[in-house]
Structure formats: C-alpha cells, structure tokens
Amino acid sequence: MALQKPSIPKGTRDFGPVEMSKRNYIFNTIKKVFQHHGYSQIETPAMENLDTLLGKYGDEGDKLLFKILNSGDFFDGVDPLELRQSGSNTASLKICEKGLRYDLTVPFARFVVQHQHEIEFPFKRYQIQPVWRADRPQKGRYREFYQCDADVVGSDSLLNEADLISIIDEVFQQLDIRVKIKLNNRKILAGIAGYIGQPDKITAITVAIDKLDKIGTEAVFQELQLKGVSVQGIYKLEPLLALSGNNTDRLDSLRKILATDTTGIKGIDEATHLLGILDTLKLKSEVEFDISLARGLNYYTGTIIEVKAQEAEIGSICGGGRYDDLTGIFGLKNISGVGISFGADRIFDVLEQLNRFPAGAMESSRVLFANFGEKEALHCLTLLPLLYKAGIAAEIYPDAAKLKKQMAYADARHIHYMVLVGENEMNEGNLTIKNMVTGEQFKASPEELIKLAGC
RNA sequence: GUGGUCGUAGCUCAGUUGGUUAGAGCGCCAGAUUGUGGCUCUGGAGGUCGCCGGUUCGAACCCGGUCUUCCACCCCA
C-alpha cells in the first residue's frame, strides 16, 4: 500500500496538549458559571434525524448541514432516474436520513419535547458539545467547533434574559475579556417592518440593517432596494437608523415613532423592562441597545443578544435570544425559551490574540522525580502516593536518562519542582528539591515537599 | 455556493530571467558538563519544494488540474 499523507478534513483541527489546557480553561470557566446559576448539563447525539434539523435555520442553514449517507445499500428502493432529475439537494434527502447537528438549540428543543414528562419546568440546561457546519472556512470560522449553550425553557419571564446576560458578564469578567453586550428585540424589528409598510420583508430588512456599521447607510439602502423594499419605505427607515442618545433615549424615540404598531411597542416594552433590570444588576460589561442587531437565526421572536470583544477584531463571540415556539414544531405548544451560546473557539482566538491565558492554564505536573536507576526509582514510587493524597500532580521520569535530559523535560513542561533522590539522599533519608523557576536547590523531607508544592 | 489567494526542513520564512549540490533563523539530537534545565560555544540529523499531469535539453520557479490555507462575498459562533 502506498504511503499516504495524513490529513484532516478542511475546516477541522487537531488540539495538542497545550491547546487542550487552554481550551479546558475556557470550558471550565463557562461550565462553573453555568452551574452556579443552577443550570444542569445534558448531551445529545452528534447526529440527528435530518427532519429534526431541516427548516429550522432558513434556506442558508439547510445548505450548511452536513448530511450522513444512509448505511447499507443507500440506493435501495430509489429510482436512479428520479434521483438524477430531482437535483442534488432533493436527491440527498432520498439517500440521507441523518445529519450532524448545526447548533445545540434545535437538538435541545427536540430533547425537551421528547422528554417533556421527565422534565421539571422551567428547565435550565447547559450543553457543551461540538457542532458542524459545511461552511467555507475562514479565520474564526470552522467546520467543526464547540458551542457552550445555556437555555431556559418553560418561562417567559425577562428575569431569564437578565440571568443569562449576567452569566455572559461573569464569564467574560473571569476570562478577562472586555466585551460589549448588544441587545435588540425581534418584535421591534417586526414593528419597524410594519411601520415602513413592508411586514413581509422583515428578513431582508433585518439582514440588511445588520450590516449597518460594516458597510454604511448608503450600501444598506442599496441592498434594501435590491431586495424590493420601496423607496418610501427606505425613506421612513432612515430616521430610525439615525437615532441617537443613550439606550433609554433611543427606546423612547422609537416608542413615539412606532406608537401604532402593537408588536413594535411590545418589543420596546420588553427591551425597556430588561434594560431596567440590568441597570440594577450593575454589570461590568457595557450593555448597548442596538436597533441594527438582527442575528440570522429564524427562530428568534423576542430579545436578541450578541456579544463582541472590545479589544479584538473577530465576529461575535457569544449570541442568543428568545424563541417562543421552537418546540411547537415538534408538537409541544406554548413553551417559550431563551438561551445563549458561547463560541469557545472564537473566545480561544481572542485570548490567544490578547495573550490573556493565565499561566495556571497550563496543566502539567507540579513535581517531577528524577530517575537515577531502578532502586532509586522504586523509592520515589513509594513517595508519589503521598503527593497524590495531598492533591499534588506529580510523576517520575520513566527512564534513568541523563539528568540533563530529565531537567530539560521538566523545563519544557513547566514543572515547578524537580526532586532528586539518588544514593546520597536515600542514605540520608531526605530529598533534594530544586525549584525550576528560581533555580535554588536544597535538602528537605517529604513532608516539607508536600507543604511546598501544595501551595 | 461565487471570486481571489497561499503551499519550500518540526516551526517561521528566503530562494535572482527556468540552469550544477535548495538555504537561514528558531526548534531537535549529540558533545563541551559521568548528579543539574534555562545562557553560551562546537558539531550533527532533518526536504517527493502540497499532490498529479503538461511544456522544456533542463522546473521549487512556467501552464493545467486537484487538495489545503487564508481573504472578500453569502451567511455565521
């Protein structure tokens, strides 16, 4: 067999020990905050039935689904002629019944409906798992990446939104990333679409104005025209996008403009109420009400949340929102949910860029016993359990290699203490401890080692 | 899905109009130092120039295809 060059699929990555330490630092931080706020963990399978996934993310989303070819003879019972004529998209549905999950929210909705009788509502769950998108990779954009989701279903109280936003605030506080939390409300966007007389164009309008700060007002108007929004509509839209003042000012102005639109007013009420709650929470992060925030996912119906890193140029690192009827499609009506999703991989990129991983994020042993030979090694092996019992990560170098090599190994792995027990130490009944950071070296007892390495 | 871009040592990258034996820094290994890492010095190993094909007396260099990387759209964490 010809030697084959090993490789992994486009848009996927391997993670080495150093990267995993750093990733675990992110996951652990997020996980801990989720748990403190009373969320319980669940997991769902990597693959879902395709009909669970299809139609939940819009046409674009459907295209980005990875589909899994049926096992066995997938052509069995399929008319080849019909297959050929139906086009590759439709054809794929005839030979694939499963797909890789695209996010964690839809599988969660499925989970809630399927297990509704075992669940205590309101149900607060968190989930940290990879998702897959058949997108074209770019920086900060992968085909396999992790999402860290927290959702509350079965309660439409805005306290849930506030709780999730304070989670966001806490997580980024702990990770030492300065962020801006942007808020909007889908009902306001619907109200705007109604106000300018084109409620049917809500998607086109939201997608277009979402690009406002990126491409500017002119380009947004051009795109709107292209999408069939009338000139009068755009004329009415203009002052809305130009609103100024603080969050409250802008909401108040909006309230006057959208006065006759009940949906719009409801959205404004929600946003105002939420901002009021957040005010009393005294968050560390800046919270901004932003009318141009749209977010693509079709299922959002109320609050929309997006988080941007202040110090790094990267897409959003966390997003979320309220969806009133996600479970409805699976047969469970009147269950409202709200959730957020941290993009762990982008957060990784931000921390890497800002060099903000703490030194302690490097997981490694704290103590390395040098190996001077069989007899000495056995002696060290009897000491190791003492360290383990004290919760200290420790190991012995497996080979009686040159000390130089063993020390270089400790150095490379950032091991803090090297313990030397050779013939002399064994006879004297003590240890030589070398601090690999300061370089100082001294004799001590095992108890002193534990005391030293333990803190 | 559309348009572009990149690929040379483990890593970051040089490599002249196509011309003999493809280089550097870092890293790695060994020695200077038989129980002492980092710093220094000396030496060494390491290459299908992404892959396949074409043009040519001759290709890392030119052409086509393909895979990968990154970028702009689209969309998104």
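Basis for what follows: all heavy atoms, side chains included, without hydrogens, waters or symmetry-related copies.
In this model, a donor atom of one side chain and an acceptor atom of the other lie less than 3.5 Å apart for A:T303 and A:E161. With hydrogens and angles left out, the side-chain atoms of A:E48 and A:Y102 include no donor and acceptor closer than 3.5 Å. A donor-acceptor pair shorter than 3.5 Å can be found between the side chains of A:E170 and A:H37. Between the side chains of A:Y142 and A:D135, no donor-acceptor pair of N or O atoms lies under 3.5 Å. Using modelled atom types and a 3.5 Å distance limit, the side chains of A:R136 and A:Q138 yield no donor-acceptor pair.
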Report, one pair per line, the protein and nucleotides 69-71 of chain B atoms (nitrogen or oxygen only) whose separation is under 3.5 Å.
| unit_1 | atom_1 | unit_2 | atom_2 | d |
| --- | --- | --- | --- | --- |
| B:rU69 | OP1 | A:G11 | N | 3.3 |
| B:rC71 | OP2 | A:K139 | N | 2.0 |

Each nucleotide N or O in nucleotides 28-38 of chain B that has a protein N or O under 3.5 Å away: list the pair and distance.
| unit_1 | atom_1 | unit_2 | atom_2 | d |
| --- | --- | --- | --- | --- |
| B:rG31 | OP1 | A:K402 | NZ | 2.5 |
| B:rG31 | OP2 | A:K402 | NZ | 3.2 |
| B:rG35 | O6 | A:N424 | ND2 | 3.3 |
| B:rG35 | O6 | A:E425 | OE1 | 3.2 |
| B:rG35 | N1 | A:E425 | OE1 | 3.0 |
| B:rG35 | N1 | A:E425 | OE2 | 3.1 |
| B:rG35 | N2 | A:E425 | OE2 | 3.0 |
| B:rU36 | O2 | A:K434 | NZ | 2.9 |
| B:rU36 | O2 | A:Q441 | OE1 | 3.1 |
| B:rU36 | N3 | A:Q441 | OE1 | 2.6 |
| B:rU36 | N3 | A:Q441 | NE2 | 2.9 |
| B:rU36 | O4 | A:Q441 | NE2 | 2.3 |
| B:rG37 | O2' | A:D411 | OD2 | 3.4 |
| B:rG37 | N1 | A:M436 | O | 2.6 |
| B:rG37 | N2 | A:D411 | OD1 | 2.6 |
| B:rG37 | N2 | A:M436 | O | 2.3 |
| B:rG37 | N3 | A:D411 | OD1 | 3.2 |
| B:rG38 | O4' | A:D411 | OD2 | 3.3 |
| B:rG38 | N2 | A:V437 | O | 3.2 |

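The structure places CE of A:M436 at 10.0 Å from CD of A:Q441, a figure rounded to the nearest 0.5 Å. To the nearest 0.5 Å, atom CD of residue A:Q35 and atom CG of residue A:N28 are 9.5 Å apart.
The separation of B:rA59 from B:rU16, taken at their C1' atoms, amounts to 15 Å, rounded to a whole angstrom. Going from the P atom of B:rG47 to that of B:rC39 covers 27 Å, rounded to whole Å. Rounded to whole Å, the separation between the C1' atoms of B:rG37 and B:rU20 comes to 45 Å. When the C1' atom is used for both B:rC29 and B:rG19, the distance is 35 Å, rounded to whole Å. If you take atom C1' in B:rC6 and the same atom in B:rA60, they sit 15 Å apart, rounded to whole Å. Separating the C1' atom of B:rC76 from that of B:rU68 is a span of 22 Å, rounded to the nearest Å. To the nearest whole angstrom, the two C1' atoms, one in B:rG4 and one in B:rU69, are 13 Å apart. With P as the reference atom, B:rC61 and B:rU8 are 13 Å apart, rounded to whole Å.
Put simply, CD1 on A:I317 is 13 Å from P on B:rA77, counting in whole angstrom units. Taking atom CG on A:L65 and atom P on B:rG1, their separation rounds to 14 Å, with Å as the unit. If you measure from atom CZ of A:F66 to atom P of B:rC76, you get 17 Å, rounded to the nearest angstrom. At whole-Å resolution of the value, OH in A:Y300 and C1' in B:rC76 are 11 Å apart. In this structure, A:D210 places its CG atom 13 Å from P of B:rC73, rounding to the nearest Å. Separating the CG atom of A:D62 from the C1' atom of B:rC76 is a distance of 15 Å, rounded to the nearest angstrom. Distance, A:R13 CZ to B:rA77 P: 16 Å, rounded to whole Å. Look at NZ on A:K56: it is 17 Å from P on B:rC76, rounded to the nearest Å.
Geometrically, A:R125 engages A:F108 in a cation-pi contact defined by less than 6.0 Å to the ring centre and at most 45° from the axis.
The shortest distance between the side-chain N/O atoms of A:K211 and the OP1/OP2 oxygens of B:rC73 is not below 4.0 Å.
A:S316 comes within contact range of the sugar-phosphate backbone alone, with a heavy-atom separation under 4.0 Å but no base atom that close. In this structure, A:K308 reaches neither bases nor backbone, as no heavy-atom distance under 4.0 Å exists between it and the strands shown.
Ring orientation note: the planes of A:F34 and A:Y39 are tilted relative to one another, at an angle of 30° to 60°.
Residue A:F145 and nucleotide B:rA77 are classified as a stacked aromatic pair, their ring centres being separated by less than 5.5 Å at an interplanar angle below 30°.
Checked for salt-bridge contact, A:E440 and A:K434 miss the test: no charged N lies under 4.0 Å from a carboxylate O.
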Exercise. Under the ring-ring contact (aromatic ring centres under 6.0 Å, His included) criterion, do A:F342 and A:Y146 qualify, and how do the steps go?
Worked result: CA-CA 8 Å; A:F342 290 88; A:Y146 269 75; over 10 Å; no
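Atom NZ of A:K32 sits in a sparse spot, with 12 or fewer heavy atoms from other residues, nucleotides or ligands closer than 6.0 Å.
Annotation: of the two residues near RNA chain B, A:R346 and A:I215, the 5′-most nearest-nucleotide partner is A:I215.
In plain terms, the two heavy atoms of A:L189 and A:L293 that are nearest each other are CD1-O, 3.8 Å.
In RNA chain B, consecutive stretches of 3 or more Watson-Crick or G-U wobble pairs with both distances under 3.5 Å are given as paired ranges: B:1-4 with B:70-73, B:10-13 with B:23-26, B:28-32 with B:40-44, B:50-54 with B:62-66.
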